[in-house]
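All remarks here apply to the structure that follows.
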Amino acid sequence: MADIQSYLSVLNAEQKEAVEHEGSPLLILAGAGSGKTRVITTKIAYLISEKGIPAWNILAVTFTKKAAKEMSERAIKLDERAKDAQIRTFHSFGSWFLRRYSQEAGLDQNFTVYDEDDMLTLLLKAVPSLTRQAAGKAVHKISLAKDFCLTPDSKELYTIEADPDFPEIYEAYEKRLHSTGNVDFGDLIMLPVKILQQNEKIRAQMQYRFRVIMVDEYQDSNVAQFKLLQELSGLNEGSGTYVCVVGDDDQSIYRFRGAEVQNILNFQQYFPGTKLIRLERNYRSTAQILHAADCVVSKNESRLGKTLIAERGEGSKPVLAFCPTQEDETQFCADLIQEAHRQGCPYSDWAILYRMNAQSLGFESEFLRRKIPYTVVGSLKFYQREEIKDILAFLALIANPRDEIAFRRIINKPAHGIGEKTQDAVVDFAKQSLAGSLVEAAKSCSKTSSKKAGAALLEFADLMDSFTERIGIDMIEEAEETADSAAAVQNDQNAPSDESTSRLSDFIDEVAEKSGLFEYHKSQDEISGTQKVANIQELENNALFYPCNRKGLLDFLDSIELDRSLEETSGDATDSVTLITLHNTKGLEFPRVIITGLETGIFPRQDKTGSDLEEERRLFYVGITRAKNQLYITSCSVRRLYGKTEFMMPSQFLIDAGKDSFTVIGKIPPAFARAIQNNAGRTSIDNEIDEDLSDDFSDGYSAENTALSKKWKKGVRVFHDDYGYGQIIEGAFRGEEYVITVIFENGGKKSFIPKYQSNNLTVIKD
DNA sequence: CCCGTCGTTATTTTT
DNA sequence: TAACGACGGG
C-alpha cells in the first residue's frame, strides 16, 4: 500500500482542500467529470490513516449499488482498513437498520421489500374498488408521499395528492402492507427516520456509531433522505458528527421521483457554518463540448452556479444534424458509427442517448440489419421478469410466510385449480390467526375448500414445509458489523463454508424444480422461444456464494431486491454500441456520444414548463457532459409517434446552446433558423411557428406537393379522428414538406403533413 | 382454464 | 404502431 501522501499529491488544489477539510460540515459542488469519486475515496482513506478515525465509524451512502461498489473498492485500494467502513446505498442502509431494529419497526425480522408491481397488487386487494389505472396512480403517489416522509394522517398530504379519498386509500394500503410484515422501498427510508425521531436511545447509538457521514449524488436525495441524514448526524443535538455531501445541482434529474434540489441548494442553511468547495476542473470532455454544456445549463435560473474549466484542450465542435425523418436519423447514426469503425474506432466508443425507451427500436432494427453490435441498457430489467419474480416470490414466502403478494403470485402457478376465491379465503384466515402464516392457513383452509383446491393446498403447504425445514428455522443472529457488510458483497469467500455444505443456488434449483415453475417456464420457452429457463439459471448463478441457510437466503433476497439493475449480460465483453436513455447515463462517460430526438414534444416533453423544464434542461446537460471527445446531436422534422406521423419542431434547448456551439449539417428548419438568430431573450420557438415561412423555402417541391396544397388550403374544413372538426388556418411549405395548421372546435391547434395518410385527417366536402 | 380478439394507451424511474 | 390488458367463448 502506497503512502497516503502520494495519493494526495495527484490531486489538484481544490480536491486536496476537500480531502483535508475538517471541523465543519462540508458541501462539495462537484461538476461533471471533476473527479469527485476520487475525492470521496481519498477522503475516506485519509480519515482512516491520517486522522486515526476507525473505519467502522464512517458511513458513506450513494444511490446506486454500482456506485457503492466502486466507491468501496477504490477506497480499499487506498487503505485496506476501509473495508470496515459502511459504504452502502441509502436503501441498503435502511434495510440494515430495519433488520437490526425490526422489533421497534413492527416488522417481521425476515421481511422482504415490495417493489412497485407488488405495491399495485397489494393496493388492488386493499381497496378493490379502485380501477387498475387509479391504483397505479395511487401507488405512485404513495411512493411519493413516503419520499416526503408523509404518513396517511399528515396534514400536508394534499400537496402530493389533492383527492380527498387519497388519505383513506393510503391508510388502507399501509394496513394491508403491515399485515404482511414487509416493507416497500419508501419504508426503507421513512421508517428509520420515524424510529430515530421517536427513540432517543437508538438515535444516540447511531450518533455514537457514525462519526463521519458522507453522501454522494446529494442533489438527488429526497426529503426523507435528508431527514435521515439529519437524525443520523444529530444536526440539532450538537453531536459533532462530521457531515460531507457531494453533489452537482446541475445534474439533478430525479425530481419526478421525489428528489428535492432544495436539499443541496439550501444545504448551507440547514447545516450552519458549512464550508463550500467547488470542483470545477473537468478532466473528461474537450472545451468545445463543455462550452455547449455551459450555454445550455446557464439558462437555468435556480442553480448555485459554477463554470467548468476544460483541462483537455479544445477538441472539435459538437455536430448538430437536422434530419428530415427519423429514418434519416437512424441512417445518420449508423453511417457515422460504421465509417468510424472502418477507421479503427471500436463500437464501444459510441453511445446513443434518447429520452424515451421506445426510441431505441428504430436503432435496434437498423443496427441488426447492418450487423452493428449493440447493447440496450436498462429497458427490460432482469428482476422484473416474470420467471425471476416467480422464483423470488417462492423464496420470499419461505423467508416470511406472511407475504401475501408472494403467496398470491405462486400459489396457483402452474395452475392447480386454486382460484382467487380460495386465495382470498386463505389470506383472510391467516389474518385472523395469531402468527398470520399463509402456509398454516392453507392447511386449515384445505378442509373447508373444494376437494380439488383442498388437495392442492395441502400439497402446497407440504412443499413449503419441506423447504422451510431445509433452509432451517434459526433466526438471524445479531451478526453485527463483521459479517453483514461483507456478506452483501457477492464474492465473499468466507460465506459458503460454515456448517452448510450446500449452496443456496442448489436450493433455488430445487425450489424451481419441485414447485413446477421450472417445467412451467420451460414449456413457455418452447412455445414462444423465450429465455426464461436461462434466466432462472442466471439467477441461480448469482446465489452461488450464499450459504444455504436462513441468513444466506435473506442476504440474497436483500441483494436482489436492492439491486434491481443486476448486470445483464455478465460475461461478454463484446465490442458494442450502447443504446441508453438519458437518465441512465448518469455517472457514465463515452468517447463519442450521439444525443437523438432534440425535438419539442420529445425533449423537452410537451407538458414541461417552469422548474420541470429546468429539470429537462439539466437532463440535456447531463447528456452533453457524458461525451469525452465527440458529440453529435440530431433533430428530426418528421417523426412517427404513437402510430401517427407528426411534424416536429426542433428543441428549444438547441436555441439555448446557440448556433455557435455547433457545426450544423442538414437543412436548417426555417423557423429554427430565425429563432436562433433572435436567440437573445427568446425562450420558446413556438412564437416563430405562427409566421408564414413558406415564401423563403418554396423551391424544389414536387408536383405532388402542389396538388396537396390545392386540396388542403387555408379555410378548408376538416375532420380528425381524435380531435374532431376543425378548419385549416394555414397551409405552407416548410422545407420540402407541405404543412397545414388546423384549429379544432375544441380549441386545440395542431400541425399536419397531409402527404402522410396516417394523420387520420379528412377533408369535409360541403 | 386456456386461448383468441378487441380496445386502450403510450415518459423518464438510482432503490 | 405495438404491446399489453380485459373480456368472452370453447
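The chains referred to below are lettered A, B, ... by the order of the sequence lines, with proteins before strands, and numbering in each begins at 1.
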**Request:** Starting from the 5' end of DNA chain B, give me the residue, Ser92(A) or Met356(A), whose nearest nucleotide shows up first.
**Result:** Met356(A)
**Request:** Look at all strands and tell whether Asn412(A) reaches a base, only sugar-phosphate, or nothing, counting heavy atoms closer than 4.0 Å.
**Result:** sugar-phosphate
**Asked** How many Å lie between CD1 on Ile602(A) and C1' on dT11(B), as a whole number?
**Response** 11 Å
**Asked** Can you check whether Tyr254(A) stacks with the dT14(B) base, using ring centres under 5.5 Å and planes within 30°?
**Response** yes
**Prompt:** Atom NE2 of His140(A) and atom C1' of dT11(B): how far apart are they, to the nearest Å?
**Reply:** 11 Å
**Message:** Starting the side chain at C-beta, find the nucleotide from dT13(B), dT14(B), dT11(B) nearest to Thr64(A).
**Reply:** dT14(B)
**Message:** Is there a side-chain contact between Thr581(A) and the phosphate of dT13(B), meaning an N or O under 4.0 Å from OP1 or OP2?
**Reply:** yes
**Request:** Give the rounded distance in Å between these two atoms: CD of Glu217(A) and C1' of dT13(B).
**Result:** 15 Å
**Base of dT11(B) paired with side chain of Arg605(A) (donor-acceptor, under 3.5 Å)** = yes
**Prompt:** Can you check the Glu615(A) CD to dT11(B) P distance for me, whole Å?
**Reply:** 17 Å
**Item:** Leu59(A) CG to Met206(A) CE distance, which is reported to the nearest 0.5 Å
**Value:** 9.5 Å
**Request:** Send over the distance from Arg639(A) CZ to dA10(B) P, rounded to a whole Å.
**Result:** 19 Å
**Request:** Would you kindly give the CG-to-P distance between Leu613(A) and dT12(B), to the nearest whole Å?
**Result:** 18 Å
**Message:** Does the Lys NZ or Arg CZ of Arg99(A) fall within the cation-pi geometry relative to Phe111(A) - under 6.0 Å from the ring centre and within 45° of the axis?
**Reply:** yes
**Request:** May I ask you to say whether Lys36(A) pairs ionically with Asp216(A), meaning some side-chain N is under 4.0 Å from a carboxylate O?
**Result:** yes
**Request:** Would you tell me whether Glu387(A) and Asn535(A) have side-chain atoms, one donor and one acceptor, within less than 3.5 Å of each other?
**Result:** yes
**Request:** Could you check how far CZ of Arg618(A) sits from P of dT12(B), rounded to whole Å?
**Result:** 19 Å
**Fill in**
Taken to the nearest whole Å, OH/Tyr354(A) to P/dT12(B) is 10 Å
**Request:** Verify the contact: side-chain N or O of Asn357(A) to OP1 or OP2 of dT11(B), cut-off strictly under 4.0 Å; return yes or no.
**Result:** no
**Request:** Taking atom types as modelled, find out whether Asn182(A) and Asn400(A) have a side-chain donor-acceptor pair closer than 3.5 angstrom.
**Result:** yes
**Request:** On DNA chain B, check which nucleotide each of Ile418(A) and Phe256(A) is closest to and give me the residue with the more 5' one.
**Result:** Ile418(A)
